[in-house]
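Reading through the structure tokens given below for one structure.
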Amino acid sequence: MSATISIGSGIKVKQEEESFLSEEQDSSADVMSVRRAKLEEWYELGVEPFGRRFEVTHRSEDILRKAEPLANEELEAHKMQVKVAGRIMSLRGHGKASFAHMMDLQGMIQVYAKMDQLGEEAYQQFELLDIGDLIGVEGYVFKTRRGETTIHIEHFTLLAKSLRPLPEKWHGLRDVETRYRRRYVDLIVNPDVRQTFINRSRIIQSMRRHLEAQGFLEVETPTLHLIAGGAAARPFRTHHNALDLGLNMRIALELHLKRLIVGGLERVYEIGRVYRNEGISTRHNPEFTMMELYAAYMDFHDMMKLTEELIEQIAIDVRGTTEIEYGGQALQLKTPWRRAHMVDLIREVTGVDFFEVHDSETARKMAAEHGVAVQDMHEFGHIVNEFFEQKVESTLVHPTFVYGHPVEISPLAKKNPQDPRFTDRFELFIMGREYANAFSELNDPIDQRQRFLAQLEEREKGNDEAHEMDEDFIMALEYGMPPTGGLGIGIDRLVMLLTDQPSIRDVLLFPLLRPE
RNA sequence: GAGCCAUUAGCUCAGUCGGUAGAGCACCUGACUUUUAAUCAGGGUGUCGCAGGUUCGAAUCCUGCAUGGCUCACCA
């Protein structure tokens with residue numbers, strides 16, 4: 001078939017001449033062929049359809065705010081001249097005049113093109129524009145009869161021709177898969193998505209500001225590790241060619257930051273990507289962002305105070321309040337937050353008091369009685385932890401610092417001097433989810449070696465997430481590390497909490513998906 | 001990895017009992033110089049996710065596969 005279609009200004013396109021179409025040839029081919037034809041038409045008009053630098057004098061929101069209190073007569077008298085750039089989001093042609101809405105970073109503003117003003121030639125060019133095209137306009141601000149602030153166009157420039165149609169104007173793009181795969185389209189048509197990512201940036205900015213104010217130094221440490229330590233997780237493996245060296249992507253920031261505390265930097269933090277080779281869910285992405293900080297001469301009590309104040313401040317900065325809602329649940333982030341020992345919480349919920357239980361056998365018996373699933377290799381501390389995870393965790397709605405984790409699951413934390421079965425460690429829970437993990441850092445190299453040895457034993461028993469021996473880290477401790485408080489916060493989950501997003505994929509610009 | 005659900009036009013969605021594909025927006029043609037989901041007249045642009053099977057006939061029923069979503073598992 002060689003049907004011809006004609007478009008606005010008379011160009012004929014043979015549909016069989018669609019050699020420009022990409023491999024995936026979809027049925028937007030029709031729209032795309034029309035746009036290709038218009039592209040040619042721009043070239044024939046002597047206009048470069050992929051333009052260059054454009055000097056922007058105003059953003060949409062600034063204009064709307066300035067014009068808002070003024071009547072049209074006042075606006076016309078002032079002749080407020082503006083240059084605005086953005087993407088055409090809607091077009092309404094009326095013969096010899098046209099309206100359009102343009103979108104820039106701040107939002108949407110209406111523009112008005114009139115043949116009398118532009119002249120016949122330029123107006124015809126305006127009519128050649130499509131939804132999705134990027135343009136720069138110069139003109140003056142007025143208000144229409146209905147009162148909408150609008151730019152009366154005196155000149156316009158095509159900055160980039162759009163060759164693909166945008167999604168529909170009032171349902172936007174809903175298909176979740178397409179939204180993640182083509183996040184740029186999602187950002188163009190879904191303003192709330194754009195706002196979420198703006199808020200993500202604000203949260204991190206706020207965090208940096210508050211840490212800087214407390215004298216923390218931002219540092220960057222390697223993401224390629226010989227030994228992936230500092231957490232219990234399976235790493236991604238990679239390889240360096242020139243050194244012919246097997247390497248792991250980091251699973252935590254911890255061990256390098258503590259080396260810097262040994263080095264005397266005293267207060268350091270890093271906001272960085274970590275990689276864990278695990279399943280994907282609404283709360284897990286294989287790469288995610290952690291903030292870890294270490295402060296010499298502090299302990300885990302100081303870390304609790306720092307954590308609650310930090311998150312409270314961020315909430316005020318970004319949300320303007322400490323009373324937030326997540327998934328319909330009202331949450332109060334005003335400090336101070338509840339502090340509870342893990343063993344006390346287990347006793348509250350199950351009646352089992354692990355301060356009175358002193359051996360693994362009794363603990364195992366209690367687990368069986370209370371329907372807590374445990375593995376054969378689990379010792380006392382693991383079983384306490386299983387009780388907490390299976391019985392207590394989901395009951396913690398409002399911010400709660402749970403402290404006193406068993407030593408078996410805390411190979412990098414200092415033991416509690418009163419009861420060395422437990423550590424001076426806490427995790428922060430909100431709505432059943434972990435948001436922070438912190439401890440008084442273990443600075444005794446001899447104890448640290450024992451802990452690593454215990455981890456190696458676990459590894460032999462089949463726990464492939466147990467810590468490996470890190471001799472280089474122990475050497476650092478042997479030079480002497482001051483008593484130190486350390487803290488880690490999962491940035492993505494914090495952003496989810498503060499932007500009320502149900503899935504981690506909604507706070508990651510490009511979540512990992514299987515290839516199409 | 002398991003269970004459940006989804007996949008139809010560029011986008012958002014209908015599609016009855018199995019009878020051969022529809023709407024709105026977008027797009028195209030024409031009209032219209034302050035519109036507002038602009039309006040009016042006309043035009044359907046499709047590998048019904050993919051591959052088999054059942055059937056005279058499959059978007060529809062069956063099987064497998066792919067991708068995604070949710071839940072669980074995993075993730076201290």
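Quantities reported herein were computed from a predicted structural model and do not represent experimental measurements. Keep in mind that the numbers below use all heavy atoms, side chains included, and drop hydrogens, waters and symmetry copies. Lettering of chains follows the sequences in order, A, B, ..., and the numbering in each one begins at 1.
Distance, Met115(A) CE to A31(B) P: 11 Å, rounded to whole Å. Regarding Arg182(A), its CZ atom lies at a distance of 15 Å from the P atom of G68(B), rounded to whole Å. A straight line from CD of Glu465(A) to C1' of A73(B) spans 13 Å, rounded to a whole angstrom. To the nearest angstrom, P of A66(B) lies 14 Å from CZ of Arg181(A). Whole-Å rounding puts the Glu389(A) CD to C72(B) C1' distance at 15 Å. Atom-to-atom, CG of Asn277(A) to P of G1(B) comes out at 13 Å; the value is rounded to the nearest Å. Rounded to whole Å, the distance from CD1 on Ile504(A) to C1' on C74(B) is 15 Å. Spacing between atom CD of Glu168(A) and atom P of A9(B) amounts to 14 Å, rounded to whole angstrom units.
Between the base of U35(B) and the side chain of Arg92(A) there is a donor-acceptor pair shorter than 3.5 Å. One can find a donor-acceptor pair under 3.5 Å joining the base of U36(B) and the side-chain atoms of Thr144(A).
Among the nucleotides C74(B), U71(B), U35(B), the one closest to the side chain of Arg234(A) is C74(B). For Glu148(A), the side-chain atoms get nearest to U35(B) when compared with the rest of U35(B), A73(B), G24(B). Here the side chain of Leu173(A) is nearest to one of C11(B), U34(B), G1(B), namely C11(B). Comparing C70(B), U33(B), C11(B) by their closest approach to the side chain of Ser503(A) singles out C70(B). Across U36(B), G24(B), C72(B), the shortest atom-to-atom separation from the side chain of Arg283(A) is found for C72(B). Side-chain proximity of Lys169(A) to U12(B), C11(B), C25(B): nearest is C25(B). Residue Val176(A) places its side chain closer to G69(B) than to any other of G24(B), G69(B), A38(B). Across G68(B), U34(B), C27(B), the shortest atom-to-atom separation from the side chain of Glu177(A) is found for G68(B). Among the nucleotides C74(B), C27(B), U36(B), the one closest to the side chain of Ile131(A) is C27(B). Comparing U33(B), U35(B), C27(B) by their nearest atom to the side chain of Lys96(A) picks out U33(B).
Comparing G46(B) with C40(B), their P atoms sit 26 Å apart, to the nearest whole Å. Taking atom P on both G52(B) and A59(B), the two are 14 Å apart, rounded to the nearest angstrom. One C1' atom belongs to A9(B), the other to C4(B), and the distance between them is 29 Å to the nearest Å. Comparing the P positions of C61(B) and C74(B) gives an interatomic distance of 36 Å, to the nearest angstrom. The same atom, P, is picked in G24(B) and in G19(B); the two are 23 Å apart, to the nearest Å. The separation of C27(B) from U67(B), taken at their P atoms, amounts to 34 Å, rounded to a whole angstrom. Using P as the reference atom, A14(B) and G30(B) are 35 Å apart when rounded to the nearest Å. Comparing C72(B) with C13(B), their P atoms sit 25 Å apart, to the nearest whole Å.
Residue Glu408(A) is classed as having no contact, given no heavy-atom separation below 4.0 Å to the nucleic acid. Nucleic acid contact for Arg145(A): base, since at least one base atom lies under 4.0 Å from a heavy atom of the residue. Among the protein residues, Arg505(A) comes within range of the sugar-phosphate backbone only, with heavy atoms under 4.0 Å from sugar or phosphate atoms but none that close to a base. In this structure, Asp175(A) reaches the sugar-phosphate backbone alone: every heavy-atom distance under 4.0 Å involves primed, P, OP1 or OP2 atoms, never a base. Looking at heavy-atom distances under 4.0 Å, Arg146(A) makes contact with a base. Using a 4.0 Å heavy-atom criterion, one finds that Glu278(A) contacts the sugar-phosphate atoms exclusively. Arg425(A) comes within 4.0 angstrom of a nucleotide base, judged by non-hydrogen atoms across all strands. Gly93(A) comes within contact range of at least one nucleobase, with a heavy-atom separation under 4.0 Å. At the heavy-atom level, Thr282(A) lies under 4.0 Å from the strands shown only through sugar-phosphate atoms. Within the nucleic acid shown, Phe142(A) comes within 4.0 Å of at least one base atom, counting heavy atoms only. Residue Leu513(A) is in sugar-phosphate contact alone, with no base atom involved, counting any heavy-atom pair closer than 4.0 Å across all strands shown.
Asp175(A) and Tyr180(A) share no side-chain donor-acceptor pair at under 3.5 Å.
Applying the salt bridge (Lys or Arg N to Asp or Glu O under 4.0 Å) definition to pairs two or more places apart or across chains, those involving residues 371-395 of chain A are Glu379(A)-Lys461(A).
In this structure, Arg183(A) and Arg505(A) approach most closely via the heavy-atom pair NH2-O, 2.7 Å.
For the pair Phe387(A) and His370(A), the minimum side-chain heavy-atom distance is below 4.5 Å. Under the 4.5 Å side-chain criterion, counting only non-hydrogen atoms from C-beta, Phe401(A) is not in contact with Phe429(A). The shortest distance between side-chain heavy atoms of Thr150(A) and Val141(A) does not fall below 4.5 Å.
Centroid-to-centroid, the aromatic rings of Tyr112(A) and Phe142(A) come within less than 6.0 Å.
For the OP1/OP2 pair of C32(B) and a distance below 4.0 Å, the side-chain nitrogens and oxygens of Lys114(A) include no atom meeting the criterion.
With RNA chain B read from its 5' end, the first of the two nearest nucleotides for Arg35(A) and Gly172(A) is the one closest to Gly172(A). When each of Arg493(A) and Arg514(A) is assigned the nucleotide of RNA chain B with its nearest heavy atom, Arg514(A) is the one assigned upstream, toward the 5' end.
Remark: the backbone N or O of Leu508(A) is not paired with any side-chain donor or acceptor of Asp492(A) at under 3.5 angstrom.
Across Leu255(A), Val274(A), Ile227(A), a single residue satisfies side chain to side chain contact (heavy atoms under 4.5 Å, CB included) together with Arg250(A), and that is Val274(A).
Of all nucleotides present, only C70(B) satisfies the Watson-Crick or G-U wobble test against G3(B), with each distance under 3.5 Å. For A51(B), the paired nucleotide is U63(B), the pair qualifying as Watson-Crick or G-U wobble because both relevant distances are below 3.5 Å. Under the Watson-Crick or G-U wobble criterion, with both distances below 3.5 Å, G19(B) is paired with C56(B). Partner assigned to A26(B) is U45(B), using Watson-Crick or G-U wobble distances below 3.5 angstrom.
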